[in-house]
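Here the structure comes first, spelled out in structure tokens, and everything after it is commentary.
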Amino acid sequence: MPGFERFGKLERKEVEDVLDNGVLMRYGFDAMRNGHYKAQSLEKELQHTLQVKHAQLVTNGTAAVSVALALAGVGAGDEVIIPCFTFVASFEAVMMLGAIPVLVDIDDTLTLNPEAVKQAITPKTKAIMPVHMCGSMADLDALKAICTANNLKLVEDACQAIGGTYKGKYLGTYGDLGCFSFDFVKTITCGEGGAVVTNNSDYAVLADQFTDHGHDHIGNDRGAELHPYLGYNFRISELSAAVGLAQVRRLKDFIAVQKKHYTILREALSTIPEVTFRRVPEGGEESYAFLNFFLPDLETTRKVAASFKDNGVDACFHYYDNNWHYVRKWEHLTNLKSIYPISKEVKEGMSYLKTKTFTASDNYIGRNLSCLIKLSWTEDQVKQRAQLMVDAINRSL
Ligand SMILES: *Cc1c(COP(=O)(O)O)cnc(C)c1O
């Protein structure tokens, strides 16, 4: 998935535009900037590429999730249902707002299990946040129906799945709000950056204000602008936006290369009867950022993961034994190890984590390997890799 593999002439050219005039901020300084508005241009390009009415750039993907949830009205003591297999940013972004992340089981899509979501709804639930992990999506129709029936907002974390689609819509544009990350290891990168997208123009106005200290952005004197609401600073810099502008124009090419490499690897692994693949919900198409597959049991999966490492098959993750993406290793969250005091409401609201088990998810994550698809491989390298993977699996079964 990494856009960093493709930092080249196009990215350099956009950055040079900014360096030529030195206006590193997205707002104001109109006379100095020689017509270059990189953040604005990137927002327009995202709207066009993802076929969505509004895009608001922010500093990073974690901020995008916090901002999207704030726009959805999530705040003190509210509960947000999220999957127990996700990146740590998901619960961080919820807790930043003084809200309570409610972790629930995943299913064979490796994302939210709609049945587990239903069971987790309480009077405090405000939003459901599927995380489209490793390039593929949650069952969005089922989640939307639950949201409609319970008057909840659907916020998609599409940080790992830009370019994937569900029933003809780009991931991130199906729910009330969607979030993207452009950090250095995502499909397209700004260095650091993120975006919130929505088709709701009320949210778009609030997003524009909230991410810039509440400024209403009316008139051309920044000092005289009013503050209809309290805000914060989540502004992206023009330098970061410039990199992203070059990258977003290459998104379709990147996805096509990912698809090609993914397909070669998948076809090779399909010859092994013990290997099964993650389920992609009907009507969905992955972004091909990762190839995810299951082995028969935990022990075999550990053996294969070790054999991959020993044989130079890098960037394949066994999330069960990894500290970043699965609830099993999040002791800092379970024990609420915070450098600042956490409210009584959140402490009480999260005490469930001390006893809750995730047996169904353990079964999926324990047997899953998730292999990053790189852009820089040659076709020969992908084929060699496929053979190494097949051999390692066959030896471990
Ligand atoms: C990367 C990521 C984020 C956070 O993005 P940053 O830009 O690194 O802050 C959030 N959610 C998921 C699923 C991610 O993979």
Side-chain angles (χ1 to χ4, degrees), residues 1-4 39 42 46 55-70 74 80-97 99 101 103-104 106 109-112 127-138 140 154-164 170-172 175 177-197 211 232-237 239-241 243-244 247-248 258 278 286-290 292 315 317 319 322-327 330 333 361 365 368 370-373:
M1 91 172 157
F4 69 76
L42 175 52
L46 282 167
Q56 177 71 48
L57 285 170
V58 291
T59 41
N60 58 61
T62 313
V65 178
S66 274
V67 169
L69 290 171
V74 170
V80 180
I81 298 176
I82 67 172
C84 63
F85 170 53
T86 179
F87 181 50
V88 290
S90 304
F91 60 76
E92 291 168 356
V94 173
M95 292 179 73
M96 202 67 184
L97 300 167
L103 276 60
V104 306
I106 56 153
T109 64
L110 296 178
T111 63
L112 279 179
I128 297 175
M129 185 167 79
V131 183
H132 304 314
M133 285 299 279
C134 312
S136 183
M137 72 227 71
L140 285 168
L154 183 61
V155 177
E156 291 173 76
D157 179 340
C159 289
Q160 292 196 10
I162 193 166
Y170 280 100
L171 296 178
L177 293 139
C179 312
F180 294 100
S181 162
F182 307 124
D183 78 23
F184 202 48
V185 296
K186 296 304 200 287
T187 302
I188 54 172
T189 188
C190 287
E192 298 284 357
V196 178
V197 299
T211 53
Y232 214 84
N233 178 5
F234 293 114
R235 292 188 310 259
I236 195 167
S237 108
L239 285 170
S240 306
V243 178
Q247 291 252 306
V248 73
Q258 285 181 173
R278 100 189 278 178
E286 299 185 61
S287 76
Y288 307 103
F290 289 83
N292 287 274
F317 307 104
Y319 288 120
N322 150 311
N323 295 340
W324 286 67
H325 294 86
Y326 188 50
V327 62
W330 293 338
L333 176 68
S361 307
I365 297 297
N368 172 254
S370 187
C371 295
L372 183 69
I373 303 292

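In this text the structure is predicted, and so the values were computed from the model without any measurement. Numbering of ligands and ligand atoms starts at 1, following listing order.
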Next on the checklist: Can you confirm whether or not the ring centre of Phe91 sits under 6.0 Å from the ring centre of Trp330?
Outcome noted: yes
Checklist entry - Is the centre of the Phe4 ring less than 6.0 Å from the centre of the Phe184 ring? => result yes
Next on the checklist: Taking a cutoff of less than 4.0 Å between a non-hydrogen atom of the residue and any ligand atom, is Asp157 in contact with ligand 1?
Outcome noted: yes
Item to check | For ligand 1, the portion of Thr62 having any non-hydrogen atom under 4.0 Å away | outcome: both
Checklist entry - Taking heavy atoms and a distance under 4.0 Å, where does Glu192 meet ligand 1: side chain, backbone, both or neither? => result neither
Quick check on contacts: which atoms of ligand 1 are under 4.0 angstrom from a heavy atom of [X]?
{"X": "Asp183", "answer": "1 (C), 6 (P), 7 (O), 8 (O)"}
{"X": "Ala89", "answer": "3 (C), 4 (C), 10 (C)"}
{"X": "Gly61", "answer": "4 (C), 5 (O), 6 (P), 7 (O), 9 (O)"}
{"X": "Val131", "answer": "13 (C)"}
{"X": "Asn60", "answer": "7 (O), 9 (O)"}

Checklist entry - Within the distance-only criterion (no hydrogens, no angle test), does the side chain of Ser66 pair as donor or acceptor with the backbone N or O of Ala93 below 3.5 angstrom? => result yes
Next on the checklist: Can a donor-acceptor pair be found, under 3.5 Å and without considering hydrogens, that links the side chain of Thr189 to the backbone of Lys186?
Outcome noted: no
Checklist entry - Mind checking what makes ring pair (Phe, Tyr, Trp, His ring centres under 6.0 Å) contact with Phe234, not counting sequence neighbours? => result Tyr232
Checklist entry - With Met129, which of Val74, Ile82, Ile81 fulfils side-chain contact (heavy atoms from CB on, under 4.5 Å)? => result Ile82
Checklist entry - Nearest heavy-atom pair of Glu156 and Gly175: which atoms, and what distance? => result OE2-N, 2.6 Å
Checklist entry - Is any N or O atom of Thr86, backbone or side chain, closer than 3.5 Å to an N or O atom of ligand 1? => result no
Next on the checklist: Heavy atoms only: which of Lys186, Met133, His132, His325 lies closest to atom 14 (C) of ligand 1?
Outcome noted: Lys186
